Amino acid sequence: MAVRGAGPVRVLAVAGARPNFMKIAPLLRELRAREGFAARLVHTGQHYDTAMSESFFRDLGIPEPDANLGVGSGPHGRQTGQVLEKIEDLLQGERPDLVLVVGDVNSTLAAALAAVKLGIAVAHVEAGLRSGDRSMPEEINRLLTDQISDFLFTTEPAGAEHLLREGVPAEKIHFVGNVMIDSLQAHLERARRLDVLERLGLEPGKFGVLTLHRPSNVDEPARLQALFEVLEEIHQRLPIVFPVHPRTRDAIQDHLGGKSPQLRLTEPLGYLEFLRLLADAGLVLTDSGGIQEETTVLGVPCLTLRENTERPITVAEGTNTVVGTDPATIRAEALKVLDGERRPGRIPERWDGRAAERIVDVLEQAFRPGTGGRR
Ligand code: UD1
């Protein structure tokens, strides 16, 4: 890889879907604060609604993207292919020194693949996570992105173990912590000042939060119906707020004849409002990846409605329990929490709000050895 002489290291940061935005925000801020870097942001347009995209830019203070590829929704092949095609054009024009990708969405893989074929270095933030479940589209995106990345930034020790087993050279792997937690720490105080609880008539600790959007849960009518039934039961004891993801909204329409579950339904919430809800929830039920991490740091009990997790540290050290999708197990585990049974958690190593700083330190050493020093 080329070591840079004079002139800033040109980084193209890529974000496409909702879970990317809270990861890219601290990275972009850190890169732009350092003299040795010139960072530009491209939005692939994988998510495009105000509620799924624009509101996150606003809440997180992310500047307008320098380019928007406007790919939108579609089947996986077409969506991934469109990002690949459009970002290749952009990369050929811009010729950055590094493409920075985060997470495991289709945009992550497509951008990494376009870059590596043009001989541009790739950094993957949140590398090495593995659910072991190849029916998950994100698992395929993670495996492939990691194989073609030059810098692999991991959030937890399991990351390096997986990567080494898959033949990634140790010198490419850097355990830096969790950029998503950088964002959480930067914004928690502000989130706590919002009136979303009052607006929804909720009291701290006396409500649950549900998110559900994995294809394995929502695209299968019988599974979705069974999940909603047990969640409605839990809702009788603890009101459950359910911001409904667009995919799930469509699934309710298509598979359940538009019959919404008897929970407290809301539109998808912005980053700050959702963070406020999480921080004050008595129980969180989710099939998201990032929420398992956020609840771990917030010390809120989390039941993961999946058969596996790619984030084992949230179970080993945090407040997460992987309960699967069997209604009897979900009911039993939720009742334990409602009856006061709590596993004390601790915050994992390096989830301290400084992950972006460590990442840019590594890049600085690689591209501008000897320049050292921050800012
Ligand atoms: C994607 C990511 C997933 C991430 C999730 C967070 C992949 C493979 N999956 O899944 O890892 O957890 O985002 O939301 O990249 N839609 C809208 N407005 C939008 C975006 C989507 O209405 O702004 C609707 C469309 O009907 C679309 C559906 O939601 O077909 C699914 O969107 P898509 O981006 O394909 O996948 P997600 O399920 O959101």
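These numbers come from a predicted model, not from an experiment. As the structure lists them, so they are numbered: ligands from 1, and atoms in each ligand from 1. Residue numbers run from 1 in the order of the sequence given.
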Give the residue and atom name of whichever protein heavy atom lies nearest to [atom], and the separation in Å to one decimal.
atom                    : answer
atom 17 (C) of ligand 1 : Y48 OH, 3.3 Å
atom 24 (C) of ligand 1 : P246 CB, 3.5 Å
atom 39 (O) of ligand 1 : H47 NE2, 2.9 Å
atom 18 (N) of ligand 1 : D49 OD2, 2.9 Å
atom 3 (C) of ligand 1  : E138 OE2, 3.2 Å
atom 26 (O) of ligand 1 : D250 OD2, 3.3 Å
atom 30 (O) of ligand 1 : S73 CB, 3.6 Å
atom 14 (O) of ligand 1 : H245 NE2, 2.9 Å

Does either side chain, that of S73 or that of Q79, offer a donor lying less than 3.5 Å from an acceptor on the other one?
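Not at all, the side chains of S73 and Q79 share no donor-acceptor pair under 3.5 Å.
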Kindly work out whether a path of hydrophobic side-chain contacts (I/L/V/M/F/W/Y, heavy atoms less than 4.5 Å apart) joins [X] to [Y].
X    : Y    : result
L305 : I234 : yes
V102 : L163 : no
L272 : V209 : yes

Beyond-backbone contact of R306 with T325, side-chain heavy atoms, under 4.5 angstrom
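Side-chain contact under 4.5 Å: no.
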For the ring pair Y271 and F21, is the centre-to-centre distance below 6.0 Å?
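Not under 6.0 Å, so no.
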Within-cut-off N or O pair, H76 and ligand 1, under 3.5 Å:
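The answer is no, given that H76 and ligand 1 share no N or O pair closer than 3.5 Å.
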Heteroatom distance test (R247, ligand 1): nitrogen or oxygen, under 3.5 angstrom:
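So ligand 1 has an N or O lying under 3.5 Å from an N or O of R247.
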Any idea how H47 and H245 line up, ring-wise: parallel (<30°), tilted (30 to 60°), or perpendicular (>60°)?
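The rings of H47 and H245 stand perpendicular, inter-plane angle above 60°.
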Compare M136, Q79, Q46 and give the one whose heavy atom is closest to atom 7 (C) of ligand 1.
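The nearest heavy atom belongs to Q46.
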Can you check which of H213, M52, R249 brings a heavy atom nearest to atom 5 (C) of ligand 1?
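The residue whose heavy atom sits nearest atom 5 (C) of ligand 1 is H213.
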Does some non-hydrogen atom of S53 fall short of 4.0 Å from ligand 1?
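In this structure, S53 fails to qualify as a contact of ligand 1 - no heavy atom is under 4.0 Å.
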Side chain or backbone of P19 under 4.0 Å from ligand 1, or both, or neither, by non-hydrogen atoms?
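Under 4.0 Å from ligand 1, P19 contributes side-chain atoms alone.
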For the residue pair T286 and C302, what are the closest heavy atoms and their distance?
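Here T286 and C302 meet closest at CG2-SG, 3.7 Å.
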Identified salt bridge (Lys or Arg N to Asp or Glu O under 4.0 Å) partner of E310 from the options R142, R134, R130:
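Testing E310 for a salt bridge (Lys or Arg N to Asp or Glu O under 4.0 Å) against R142, R134, R130 leaves exactly one candidate, R142.
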